[in-house]
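See structure below.
Below, each value reflects all heavy atoms present in this structure, side chains not excepted, and no hydrogens, waters or symmetry copies.
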Amino acid sequence: MLPLVFFGIAAVSALPAPQASGSNTTIPSNTTGTVPNACAQVSQATASFLAQSPTATPSIAATLAHQCLQSVPNKPEPARKLITSLKAFAGWQSTLAWLKEPPPSYMLPAVDILGGLNNISATAVAGGFASEYDFQLSIVELISAAHDGHFAYRPDVFKTFIFRNNLVADLVSVSRDGKELPKLYHYSDLVGNSTSPPRRNGTFPPAITKINGQDAATFLGQVNLKYGIYQDPDSQWNSQFQSYASPNALPIIAASLFFQGPSITLTYDNGQEKAEDSIALVRKTVDFAGVRSGEDYYNKFCNPDPSAVAKAFAAAVVETATTMTGSATPSPTTIAPPSSATNTALAPPAPTIAGYPLPVVRDNGANVTSGYFLNGTGYDDVAVLAISAFAPSGDFDSLTFLTNFQDTVGNFLLRCKQANKKRLVIDVTANGGGFVIAGYDLFAQLFPDVVPFQADNIRLTSSVEDLARIINNLPDEVAQNATREQQQALAILSQSSVVSNLVPGGVFAPNGAQLTTIDEILSPVSLRGDRFTAYQQTPLNDTSADFNLTGTGNRSDPPPAVFRPADVLLLTDGTCGSTCTLFAYLLIMQLGVASVVVGGRPTAGPMQSVAGVEGAQVFPMLEIGAAASAAVTLSNGSSSSNMSSELAELAEGYALARAATATNPGSVNGKNAFSAHDAETPLQFLYQAANCRFFYTAEMVRGPGAVWRRAVDAVWGDPAQFCVEGSRVAVNGTAGGVDPRFRAPVDFSAGASVTPGVGLSVVVAALVVVVYMI
């Protein structure tokens with residue numbers, strides 16, 4: 001899915017199991033000792049396998065794939081160039097200062113991203129890496145240490161293999177009663193082939209106690225700390241296991257781009273052991289023809305020449321412009337209508353969403369939104385709204401999804417009112433985000449009289465400032481006599497969700513004041529020794545002929561709230577991320593809604609309700625590079641051409657050409673999000689414990705009904721009976737007010753105002769992107 005304006009990275013997700021139309025047969029190989037011609041063996045065996053089974057997915061021993069990767073040489077000069085380019089993109093990551101020196105509330109180790117990249121570059125230049133794989137793995141592990149679902153980069157040595165081990169593909173973490181500490185089991189052992197666990201007299205199947213001879217929980221915790229994208233250990237733990245809301249989740253040790261060892265051995269509490277060799281699947285898009293050595297591998301997969309880099313990036317820019325023009329908002333108040341082909345291609349939705357019971361209301365095939373009424377004594381006045389994402393899982397265009405999402409929520413609330421439901425559980429387990437406007441519309445329908453708080457900022461790098469000023473100071477002749485190349489550059493900038501944050505008139509301060517000059521937007525805010533733009537918010541009250549947020553336009557008179565905040569409960573598994581976090585924090589911090597969390601590590605005590613990425617907007621690297629390239633094109637020969645080397649690096653896009661996936665090379669968290677009470681620390685680094693925690697039971701893993709009933713019991717029933725020991729935390733009050741720094745008028749005295757040119761707002765009509773994904 002191309003991360004542009006409407007379509008983007010909601011969060012990095014667990015790697016799905018590769019699908020093949022034929023069987024996956026492992027190609028045998030000698031994996032003991034050194035294999036100097038490992039890549040040649042891979043090439044020969046893959047070609048032979050595909051000649052016999054062209055529709056199947058070839059697989060080889062994981063060790064052989066790793067030996068091939070280890071034979072790929074690291075070239076110091078290209079390595080230095082890659083790091084230089086990547087640093088220009090990583091500089092847009094909004095959280096660098098807090099990652100380097102996190103507050104006490106942050107649960108994970110500190111990491112210096114830019115300093116770490118410098119160290120990697122120095123090591124490469126000195127010849128300190130044994131292979132290109134080791135070099136690029138060090139990059140991945142450094143970025144992974146940010147534990148930010150919006151911050152990702154996968155370089156090109158990882159184009160070829162996916163490492164798998166099916167022995168650990170169905171692990172689940174289950175408690176006997178929801179309060180006792182959970183143990184690890186195989187899901188298949190718990191549920192068998194029937195609808196009830198294959199247990200007799202209350203006994204459970206054997207539990208897994210060790211992985212590769214190490215305590216199982218410790219082993220998984222170390223892997224999570226190395227590669228997990230969630231910003232606390234409990235949510236990292238939950239992300240490894242399948243559940244009703246994430247049936248395709250896989251542990252990192254079961255499916256990874258990175259070698260996790262030659263085999264896995266499990267030890268069970270009955271003394272039994274099981275072992276399985278790991279394999280490497282060869283990606284369908286990979287052609288090993290002609291690869292006889294590590295040098296050949298480098299030349300084929302890791303070595304774009306300068307002209308190829310330029311061509312690859314130019315093609316990406318063209319694709320970006322085409323995609324944006326075809327799907328983005330052509331004006332601040334209009335969303336492009338969906339094509340009739342998209343609508344007619346949608347199949348009627350099934351009665352139920354997979355893994356969930358029969359709903360009262362469900363979406364029209366997006367498979368992420370549904371509503372339920374609970375039954376039984378103590379539950380008959382409870383409704384449940386389950387939202388597993390704020391973006392569709394199927395082939396939907398943006399307007400179709402948003403309109404149906406809005407209608408589904410509205411219909412469900414109407415049904416709740418008609419059925420006299422008094423309490424509401426909002427289930428956002430495994431919700432990794434999606435369209436920002438969907439999250440805000442849900443809040444607006446639930447509480448139409450509450451104005452949601454917004455305060456974000458962008459790290460003020462030299463390239464951010466250059467980009468903003470070039471756009472703001474476009475000369476008149478660009479608008480009047482634009483060449484075809486300039487027209488394309490203008491189209492890119494006008495449709496960019498990155499650029500929309502830097503255009504005067506389309507950005508507002510948290511106090512509601514419109515930021516009408518570039519100096520107001522760029523007026524530096526200093527936090528932790530780093531520079532940021534002014535605090536800002538995106539307007540939510542623009543009207544449209546096609547879609548309006550609840551409370552605006554043709555939806556300006558919404559029905560009153562059906563439920564009081566005190567009668568609403570937020571249910572999460574901690575992996576709520578991106579748009580989900582913005583919605584969740586509006587409930588928790590602005591309205592004092594109670595939250596309950598399920599799962600987490602096998603330890604007692606509290607757990608965060610929200611621990612996915614808590615940034616305000618993802619910036620795809622491809623879009624940053626495209627905007628930089630467009631700005632450079634428009635500034636050539638003008639007074640704005642005195643730009644930083646950083647912007648030139650972004651425009652060249654070498655790191656993008658060296659990515660494993662050309663259409664989605666990576667992303668950064670472009671905007672910090674703040675609570676109303678704290679202008680110093682982004683939400684990403686605040687600890688927000690749920691009011692109660694319970695563990696998954698075997699019944700809960702099989703379906704959500706038992707989870708919903710336990711959530712009701714734990715918060716509105718008897719918390720002492722149902723909450724994990726030490727996990728009960730008082731519900732947030734709504735007192736505390738707004739931090740004065742958000743209410744203060746904008747101060748742009750840091751520098752003299754630059755006389756603007758005609759500006760992007762005059763050159764093109766489409767400036768503010770009202771729908772974007774995070």
Side-chain angles (χ1 to χ4, degrees), residues 9 11-12 79 82-124 128-129 134-155 158 220-237 239 252 256-258 457-461 527-532 574-575 577-578 581 608 610-616 618-619 621 655 665-673 680-687:
I9 304 171
V12 180
L82 174 56
I83 295 297
T84 299
S85 179
L86 185 57
K87 280 181 62 182
F89 288 96
W92 285 57
Q93 173 66 23
S94 66
T95 60
L96 296 178
W98 291 273
L99 287 170
K100 188 176 181 179
E101 296 182 18
S105 55
Y106 188 61
M107 298 181 68
L108 299 172
V111 58
D112 181 357
I113 297 296
L114 297 182
L117 288 173
N118 286 336
N119 292 338
I120 292 171
S121 180
T123 301
F129 287 104
D134 287 348
F135 162 66
Q136 295 195 17
L137 183 63
S138 69
I139 296 172
V140 170
E141 291 182 349
L142 176 68
I143 292 176
S144 295
H147 302 291
D148 183 328
H150 284 166
F151 190 23
Y153 179 71
R154 294 291 181 266
F158 300 104
L220 291 178
Q222 291 174 349
V223 173
N224 286 334
L225 191 60
K226 206 169 189 179
Y227 300 112
I229 66 170
Y230 297 93
Q231 41 93 344
D232 85 359
D234 291 302
S235 297
Q236 290 176 357
W237 179 269
S239 70
I252 294 170
S256 175
L257 294 176
F258 323 115
N457 64 17
I458 300 170
R459 187 170 186 264
L460 194 56
T461 67
L527 296 171
R528 288 190 169 256
D530 211 347
R531 297 169 72 246
F532 298 86
T575 67
S578 214
T581 69
Q608 289 200 88
V610 179
V613 56
E614 297 175 20
V618 63
F619 285 0
M621 289 183 181
S667 60
V668 298
N669 187 72
K671 293 167 68 176
N672 293 312
E680 289 282 339
T681 309
L683 293 175
Q684 180 80 3
F685 298 90
L686 295 179
Y687 183 90

Under 3.5 Å, side-chain donor or acceptor atoms of residues 105-114 against the rest of the protein: list the pairs with distances, not counting sequence neighbours.
residue: Ser105; atom: OG; partner: Phe685; partner atom: O; Å: 2.5
residue: Asp112; atom: OD1; partner: Gly115; partner atom: N; Å: 3.0

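Residues Trp237 and Pro233 fail the side-chain proximity criterion, which asks for heavy atoms closer than 4.5 Å. In this structure, Gln608 and Asp234 have side chains that are not in contact, with every pair of non-hydrogen atoms separated by 4.5 Å or more.
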Using the rule given for side chain to side chain contact (heavy atoms under 4.5 Å, CB included), can you reason through Leu86 versus Met621, listing the C-alpha separation, both sets of side-chain angles and the distance that settles it, and then say yes or no? CA-CA 10 Å; Leu86 185 57; Met621 289 183 181; 4.1 Å; yes
Could you walk me through whether Val668 and Tyr153 pass side chain to side chain contact (heavy atoms under 4.5 Å, CB included), step by step? CA-CA 9 Å; Val668 298; Tyr153 179 71; over 6 Å; no
Does the pair Phe158 and Leu137 meet the rule for a side chain to side chain contact (heavy atoms under 4.5 Å, CB included), with working shown? CA-CA 9 Å; Phe158 300 104; Leu137 183 63; 4.3 Å; yes
Given side chain to side chain contact (heavy atoms under 4.5 Å, CB included), test Gln231 with Val613 step by step and report yes or no. CA-CA 7 Å; Gln231 41 93 344; Val613 56; over 6 Å; no
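Thr123 places a side-chain N or O within donor-acceptor distance of the main-chain N or O of Asn119, the cut-off being under 3.5 Å. The main-chain N or O of Phe135 is found under 3.5 Å from a side-chain atom of Ser138 such that the two form a donor-acceptor pair. Side chain of Ser667 to main chain of His150: a donor-acceptor pair is present (N/O by atom type, distance under 3.5 Å, no hydrogens or angles).
Residue Leu117 comes nearest to Lys87 through the heavy atom pair CD1-CG, 3.7 Å, listed as atom of the first residue, atom of the second, then distance. Among all heavy-atom pairs drawn from Tyr230 and Ser235, the shortest one is CB-CB, 3.9 Å. Shortest non-hydrogen contact noted between Val140 and Pro155 is CG2-CD, 3.7 Å. The shortest heavy-atom contact between Ala616 and Ala673 is CB-CB, 3.9 Å. Nearest heavy atom pair, residue Pro103 against residue Thr681, reads CG-CG2, 4.1 Å. Shown here for Ala124 and Ala79, the closest heavy-atom pair between the two residues is CB-CB, 3.7 Å.
In this view, Tyr227 and Glu141 satisfy the side chain to side chain donor-acceptor pair (under 3.5 Å) rule, not counting sequence neighbours. Partners of Asn457 under the side-chain contact (heavy atoms from CB on, under 4.5 Å) rule, at least two apart in sequence or in another chain, are Leu527, Phe532, Thr533, Tyr535, Asn672, Phe674.
Interatomic distance, Gln236 CD to Lys226 NZ, rounded to the nearest 0.5 Å: 14.0 Å. In this structure, Ile143 CD1 and Ile229 CD1 are separated by 13.5 Å, a value rounded to the nearest 0.5 Å. Atom-to-atom distance recorded for Gln684:CD and Thr581:OG1 is 8.5 Å, nearest 0.5 angstrom. Ile139 contributes atom CD1, which lies 3.5 Å from atom CD1 of Ile83 (distance to the nearest 0.5 angstrom). If you take CG on Asn224 and NE2 on His147, they are separated by 9.0 Å, rounding to the nearest 0.5 Å. Atom CZ of residue Arg528 and atom CD of residue Glu680 lie 8.5 Å apart, to the nearest 0.5 angstrom.
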